[in-house]
Engineer: 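Please read through the structure below; I'll follow up with questions.
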Amino acid sequence: MAPKKAKRRAAAADGGSSNVFSMFEQSQIQEYKEAFTIIDQNRDGIISKDDLRDVLASMGQLNVKNEELEAMVKEASGPINFTVFLTMFGEKLKGADPEDVILAAFKVLDPEGTGTIKKEFLQELLTTQCDRFSPEDVKNMWAAFPPDVAGNVDYKNICYVITHGEEKEE
């Protein structure tokens, strides 16, 4: 990340910028716009309780309680238009490291610079160090990021998903 962009992002993360759009890269804003459009089922520019119910139903969650939907909508300070939606994500992501920082942390574990880490090594670290992964966490990790046939995990993809929310198209 260029120093100018890093400073702008840091200022936004500290609340130094009132423009929520400066907190994200243009590609991230576009991804959030696509998500907003999918959630805004009735296409009125506002995410409502009914929009949430409809989008959750389309994903197979048919019996979501009214109270749960109301709690989701009440997380916002008012009607959830795209700017509010983006602000909510900014607040949730506040303090999250940028992609290059996460990638640098993984590179420490990859002295040969292959872009991968052995599954067994990564699993051992995740289950024995700091905030330890539970067996369920590990299972979910491998479901989301399956190792290749040689047992290698693509950490660059993991970093991308952590910071952008979905897998890169190759």
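Keep in mind that the numbers below use all heavy atoms, side chains included, and drop hydrogens, waters and symmetry copies.
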Engineer: Enter the distance from Phe145:CZ to Asn140:CG here, rounded to the nearest 0.5 Å.
Structural biologist: 11.0 Å

Engineer: I'd like a table of donor-acceptor pairs (distance under 3.5 Å, sequence neighbours excluded) in which one partner is a side-chain atom from residues 105-113, with atom names and distances.
Structural biologist:
| from | atom 1 | to | atom 2 | distance (Å) |
| --- | --- | --- | --- | --- |
| Asp110 | OD1 | Gly113 | N | 3.3 |
| Asp110 | OD1 | Thr114 | N | 3.1 |
| Asp110 | OD1 | Thr114 | OG1 | 3.0 |
| Asp110 | OD2 | Thr114 | N | 2.8 |
| Asp110 | OD2 | Gly115 | N | 2.7 |
| Asp110 | OD2 | Tyr155 | OH | 2.7 |

Engineer: Could you give the distance from CG (Asp44) to CG (Asp50), rounded to the nearest 0.5 Å?
Structural biologist: 10.0 Å

Engineer: Report yes or no: do Asn152 and Lys118 form a side-chain donor-acceptor pair below 3.5 Å?
Structural biologist: yes

Engineer: For Asn81 and Ile46, which heavy atoms make the closest approach, and how far apart are they?
Structural biologist: CB-CD1, 3.9 Å

Engineer: Examine distances only and state if a side-chain atom of Gln28 and a backbone atom of Glu25 form a donor-acceptor pair shorter than 3.5 Å.
Structural biologist: yes

Engineer: Kindly compute the distance separating CE (Met141) from CD1 (Ile158), expressed to the nearest 0.5 Å.
Structural biologist: 3.5 Å

Engineer: Quick one: are Ile117 and Leu125 in side-chain contact, heavy atoms under 4.5 Å?
Structural biologist: no

Engineer: Drop me the distance from Leu69's CG to Ser48's OG, to the nearest 0.5 angstrom.
Structural biologist: 9.5 Å

Engineer: Show me the donor-acceptor pairs within less than 3.5 Å that the side chains of residues 58-65 make with the rest of the protein, sequence neighbours left out.
Structural biologist:
| from | atom 1 | to | atom 2 | distance (Å) |
| --- | --- | --- | --- | --- |
| Ser58 | OG | Val55 | O | 2.6 |

Engineer: Quick one, Asp137 and Leu126 - any side-chain contact, counting heavy atoms below 4.5 Å?
Structural biologist: no

Engineer: Side-chain contact test, heavy atoms from C-beta onward, threshold under 4.5 Å: evaluate it for Leu52 versus Val73 and give yes or no.
Structural biologist: yes

Engineer: Does some side-chain heavy atom of Gln123 sit less than 4.5 Å from a side-chain heavy atom of Trp142?
Structural biologist: yes

Engineer: Testing the basics here: between Pro79 and Val84, what is the closest heavy-atom pair and its distance to 0.1 Å?
Structural biologist: O-CG2, 3.6 Å

Engineer: Measuring from atom NZ of Lys49 to atom NZ of Lys74, what distance do you get when rounded to the nearest 0.5 angstrom?
Structural biologist: 9.0 Å

Engineer: If you define the side chain from C-beta out and look only at heavy atoms, does anything of Phe85 sit under 4.5 Å from Asp40?
Structural biologist: no

Engineer: Taking the side chain as every heavy atom from C-beta outward, state whether Met72 and Ile47 have any pair of such atoms under 4.5 Å apart.
Structural biologist: no

Engineer: I need the Phe21 CZ to Phe82 CZ distance, nearest 0.5 Å.
Structural biologist: 5.5 Å

